[in-house]
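The structure presented is a predicted model; accordingly, all values stated were derived computationally and were not measured. Heads up: numbering here begins at 1 and tracks the sequence.
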Amino acid sequence: MDYLSIIKQPIIKELDEFVSLFNQSLTHEEGLLASALKHIRNRGGKRMRPMLILLIAKNFGDVTYVAQRAAVGLELLHTASLVHDDVVDESGERRGQASVNATYNNKVAVLVGDYILSTALLNVSLTKSESIVRDLANLGRTLSNGEILQLTNISNQEISEDVYYQVIKQKTAALFEACAVIGAKAGNATSEAVEAARLFGQNIGIIFQIRDDIFDYYDSKEIGKPTGNDMAEGKLTLPVIHALQSAGNQPMMELAMKVKEGTVSADEIAHLVAFTKENGGIEYAEKKMLEFHDAALSFVRQYVKCDAIRQSLIAYLDFVIQRKS
């Protein structure tokens, strides 16, 4: 099924307007900055986050200038965070092409990320909505805190689902949460509907991250990273956390501690990946995704009256849970 076409159907015109505004914001006349921004524009991407803003705004009212500028601001903030993350993670690739830091260097990447972040603030200021400006500013703080929390969690001896969810709610879910909130506010939704939209976005973000984490247990060119990459970076995700807690296998727990210490070998990671699959870790993670999927659907049933938008948001949820990359 072509989920993306169904998702875009109610907002085809509005999405084209967004892409035009976004590309204008990521354009500079000449020099190194112009080259780096063009490099980032060429990535494209599925536009999952701005599409969510536009759909929620249209559900509650209309896709106004406020909604468009807010969408551009949020996507630019997200883009800046990815540029900076690649520097922190020493990543050489992003969406199948060389990262900014790999193409230029870390100094250029940090400065380009700062420029994009400032452009995000400029765009969101054009909404003239103090509430939306505050939401975007808080999102930036939350994303940074989530990255720091993830770094500190690597050295944390505790292995628990609660800590896992605490990290992903601030790292990934916060972005989708902000999209839904900003879209609802731009569409003049009631405060009750804004809160319902926030939980809807959070559930989408949690599903998105769990799916990403499951990818790490399989080798695929579509995904673009080797099996066990998260463990190589010191991260223990939901599938292995569940397997460790349910199996009570002390040798595997010791390997998990080596992951956190950064002393684990490639062979040991392979053992942990196999152990996770053999002890129901993948099935458990998939079950949790379905639980969050059902929770998200309750928002669609209660707050989405337009058939086209309802079908679009259901397709959005199905795409996030079933995507292959």
Side-chain angles (χ1 to χ4, degrees), residues 85-86 88-96 99 146-147 149-173 203-294 317-325:
D85 286 353
D86 286 341
V88 173
D89 296 338
E90 299 178 352
S91 176
E93 192 172 289
R94 169 72 61 179
R95 287 181 185 161
S99 60
E147 287 291 340
L149 185 62
Q150 180 170 269
L151 286 173
T152 56
N153 183 50
I154 288 172
S155 59
N156 182 358
Q157 295 300 298
E158 183 183 6
I159 298 174
S160 76
E161 282 190 40
D162 286 344
V163 173
Y164 169 80
Y165 284 119
Q166 187 182 358
V167 170
I168 69 171
K169 281 180 180 179
Q170 294 193 59
K171 272 196 79 237
T172 305
N203 286 325
I204 290 174
I206 292 171
I207 296 167
F208 193 96
Q209 187 59 55
I210 294 174
R211 172 53 70 197
D212 252 12
D213 292 341
I214 291 172
F215 287 151
D216 198 54
Y217 294 83
Y218 299 94
D219 197 7
S220 168
K221 291 180 181 177
E222 287 181 87
I223 300 164
K225 66 177 183 180
T227 308
N229 190 65
D230 287 339
M231 292 186 198
E233 293 177 354
K235 303 169 193 171
L236 296 173
T237 54
L238 186 60
V240 71
I241 290 170
H242 172 76
L244 288 166
Q245 292 181 334
S246 61
N249 186 310
Q250 189 55 37
M252 288 297 130
M253 187 64 78
E254 289 171 7
L255 284 189
M257 286 297 122
K258 291 184 75 173
V259 168
K260 283 181 163 289
E261 292 163 3
T263 59
V264 70
S265 70
D267 284 346
E268 288 169 332
I269 288 174
H271 283 307
L272 264 178
V273 168
F275 164 79
T276 300
K277 292 178 178 178
E278 291 161 8
N279 286 274
I282 305 301
E283 291 82 0
Y284 177 79
E286 289 174 339
K287 179 171 78 75
K288 297 304 291 185
M289 280 198 300
L290 289 173
E291 290 175 10
F292 288 110
H293 181 276
D294 289 346
L317 282 167
D318 290 344
F319 175 78
V320 169
I321 205 169
Q322 295 181 32
R323 66 198 172 92
K324 303 299 180 187
S325 63

Min side-chain heavy-atom separation [X]-[Y] under 4.5 Å:
| X | Y | value |
| --- | --- | --- |
| His293 | Asp318 | yes |
| Glu147 | Leu151 | no |
| Tyr164 | Leu236 | no |
| Ile206 | Ile210 | yes |

Heavy-atom pair with the smallest gap, counting every atom of [X] and [Y]:
| X | Y | result |
| --- | --- | --- |
| Val167 | Gly146 | CG1-O, 4.4 Å |
| Gly228 | Ile269 | CA-CG2, 3.8 Å |
| Val320 | Ile204 | CG1-O, 4.0 Å |
| Ser265 | Glu268 | N-OE1, 2.9 Å |
| Ile154 | Lys260 | O-CB, 3.0 Å |
| Asp216 | Met231 | OD2-N, 4.0 Å |

Between Gln209 and Asp213: side-chain donor-acceptor atoms closer than 3.5 Å: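 There is such a pair between these side chains.
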Short side-chain donor-acceptor distance under 3.5 Å, Asn279 and His242: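 The answer is no; no qualifying pair exists.
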Please check this pair: side chain of [X] against backbone of [Y], looking for a donor-acceptor N/O pair closer than 3.5 Å.
| X | Y | answer |
| --- | --- | --- |
| Asp230 | Lys235 | no |
| Lys169 | Gly205 | no |
| Gln245 | Ile159 | yes |

Residues Val240, Tyr217; criterion side-chain contact (heavy atoms from CB on, under 4.5 Å); working and verdict: CA-CA 9 Å; Val240 71; Tyr217 294 83; 3.4 Å; yes
Atom pair [atom1]/[atom2] of [X] and [Y] - distance to nearest 0.5 Å:
| X | Y | atom1 | atom2 | answer |
| --- | --- | --- | --- | --- |
| Phe292 | Leu317 | CZ | CG | 13.0 Å |
| Asp212 | Leu238 | CG | CG | 13.0 Å |
| Lys171 | Asp85 | NZ | CG | 6.5 Å |
| Phe215 | Arg323 | CZ | CZ | 4.5 Å |
| Glu283 | Thr276 | CD | OG1 | 11.0 Å |
| Ile241 | Glu158 | CD1 | CD | 10.0 Å |

side-chain contact (heavy atoms from CB on, under 4.5 Å) between Ile214 and Met289, intermediate numbers included: CA-CA 11 Å; Ile214 291 172; Met289 280 198 300; 3.8 Å; yes
SB check Glu254 Lys258 (cutoff 4.0 Å):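 The answer is no: the pair does not qualify as a salt bridge.
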Trace of the side-chain contact (heavy atoms from CB on, under 4.5 Å) decision for Leu255 with Phe275: CA-CA 11 Å; Leu255 284 189; Phe275 164 79; over 6 Å; no
